[in-house]
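For reference, the structure is listed below as structure tokens.
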Amino acid sequence: MQELKQRILITGTFRFPEGDAAAARVLGIGKALRQGGYDVHFAGWEEDGRPEDKCGEGEFSYQGFSYSPQNQFRLRKLNPFSRLLKYLTMGAGAVRWLRRYSRVKRFDAVISYHGGVVYLLLLKFFCWRKKIKLIVDCTEWYDADSLPGGKWGVAAIDHELRMRVLNPWIGQIISIGRFLQEFYAVRDCRVFLLPPMVDLAESKWAAKKKIMAPGLRLVYAGIPGKKDTLHSVLLSLDVLHKEGHQVSLDLIGPTETEILSCVNNDIELLRRLRNRLNFHGRIAQSRVPALLQQADFSILFRPQRRSSNAGFSTKLVESLAAGVPVIANATGDIPAYIENGKEGILVDDETCDSIITGLRYALTLDKNRLSEMREAAQQCARRNFHYENYCDNLRGFVEGCQ
């Protein structure tokens, strides 16, 4: 008699299957678990599934994974009290769904991608009562000033309680980087280090012919918010432009209005750079690698803050997977994967002077050197971020959890 596969649910604050970077993160985990012999089901908090994925009432399928949208992120106007209540109780509906679903199909383990204190308490109690393993996937530690209300706001207090109290109490952590791994290891947690992963067998990562163009072509993919330093990048481009260098920047994600906000509404700066900036807006994730591959380098500059060192940029992994070296400053685990002059260029910090130094060095590289760096970037991704590298160890970690 064939042994039944153990079933794992991955749920939490992501929009499956392609709604955000978190979805790419959990999809990689799902593929590694499936390769390790598990049956994996997703219950992201997206409003609804994609019409092309629909396979039954309330059920959807993507790349062979079944998923059940939890509609926890639905957008509607609420008064301040209702917004606060919604924030504190977000995810409770997903736990109610899990109770109902478990009557039909039992899960052996639940992996939760973030979520607030109330949600995790409800999930912890449910898993304890049903003797289901509960594991937390931890990928960020936000700075208080980046959350609504600041240090003493509800969001910051909830976040700190989760990171410092609730996660250690749950005690079984998948960590995206070494900062969080070390934080939880000294608190006697069972911790597994798992960086962002990609499936290099997907056709979107196949090498595309690069259109040769004069000058240096850079690319930024993502929404900058308060994490990435784009203002300094644009000021650096302005300096190099005035010196006569040809450097262009493709922007995947941010609109011109959002970039204007990043540069403190410096309309004159954007006017001077208008012919150097190419806005692509928000595009499907499947189209991102082809655009990345037209660049000589991707860029990633972040200030030295807790959030930068605790997190791990999916943008960096996707760039390397596309065979595009990175120009970045050394935050978090970046120096563990990027050797200066090999897979990319590391600069001292996120200031204009450092960025200009890095870009000037990039401008000196000939076609052969750039080709070598592209090859090194893709080999780095194959060694460190292809999901198949983690299947056995991840399975061992899950089996050892309680």
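When a residue number appears, it is its place in the shown sequence, counting from 1.
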Next item on the list: For R374, check side-chain contact (heavy atoms from CB on, under 4.5 Å) against everything at least two apart and list the hits.
Entry: K210, Q293, V324, P325

Item checked: Atom of S112, atom of L123 and distance for their closest heavy-atom approach -> CB-CD2, 3.8 Å

Next item on the list: Given side chain to side chain donor-acceptor pair (under 3.5 Å), test R272 with H241 step by step and report yes or no.
Entry: CA-CA 9 Å; R272 292 196 301 271; H241 173 53; over 6 Å; no

Item checked: Ring centers of F312, Y337 separated by less than 6.0 Å -> yes

Item checked: Ionic contact status for K242 with D238, cut-off 4.0 Å -> yes

Note to self: Whether R25 and E140 form a salt bridge (side-chain N of Lys/Arg under 4.0 Å from carboxylate O of Asp/Glu) is what I want to check.
What the structure shows: no

Notebook entry, point to check: Between the side chain of E388 and the main-chain N/O of H386, is any donor-acceptor distance below 3.5 Å?
Noted result: no

Notebook entry, point to check: Should D353 and T351 be marked as a side chain to side chain donor-acceptor pair (under 3.5 Å) after you check the CA-CA gap, both sets of side-chain angles, and the distance that decides it?
Noted result: CA-CA 6 Å; D353 288 344; T351 62; 5.5 Å; no

Note to self: Please list all pairs meeting side chain to side chain donor-acceptor pair (under 3.5 Å) that have one or both residues in residues 123-136, counting only residues at least two apart or in different chains.
What the structure shows: none

Checklist line | ring pair (Phe, Tyr, Trp, His ring centres under 6.0 Å) partner of H41, the single match among F16, Y101, Y67 | finding: Y101

Checklist line | Heavy-atom pair with the smallest gap, counting every atom of Q378 and A322 | finding: NE2-C, 4.4 Å

Item checked: Salt-bridge criterion met for K105 and D39 (N-O under 4.0 Å) -> no

Item checked: Verdict with supporting geometry, R287 and E18, salt bridge (Lys or Arg N to Asp or Glu O under 4.0 Å) -> CA-CA 12 Å; R287 293 178 53 206; E18 296 183 346; over 6 Å; no

Check: For residues H245 and R360, is any side-chain donor paired with an opposing acceptor at under 3.5 Å?
Finding: no

Notebook entry, point to check: Is it true that the NZ or CZ of R190 lies under 6.0 Å from the centre of F192's six-membered ring and within 45 degrees of the ring axis?
Noted result: no

Next item on the list: Could you label the plane-to-plane angle of the Y142 and H114 rings as parallel, tilted or perpendicular, counting under 30° as parallel and over 60° as perpendicular?
Entry: tilted

Item checked: Salt bridge R305-E350, side-chain N to carboxylate O under 4.0 Å -> no

Notebook entry, point to check: Does the side chain of S308 pick up a donor-acceptor pair with the side chain of T331 at under 3.5 Å?
Noted result: no

Notebook entry, point to check: Could E182 and R178 be called an ion pair, given the rule that one side-chain N must be under 4.0 Å from one carboxylate O?
Noted result: no

Check: Between F107, F65, Y62, F60, which is the residue that forms a ring pair (Phe, Tyr, Trp, His ring centres under 6.0 Å) with F42?
Finding: F65

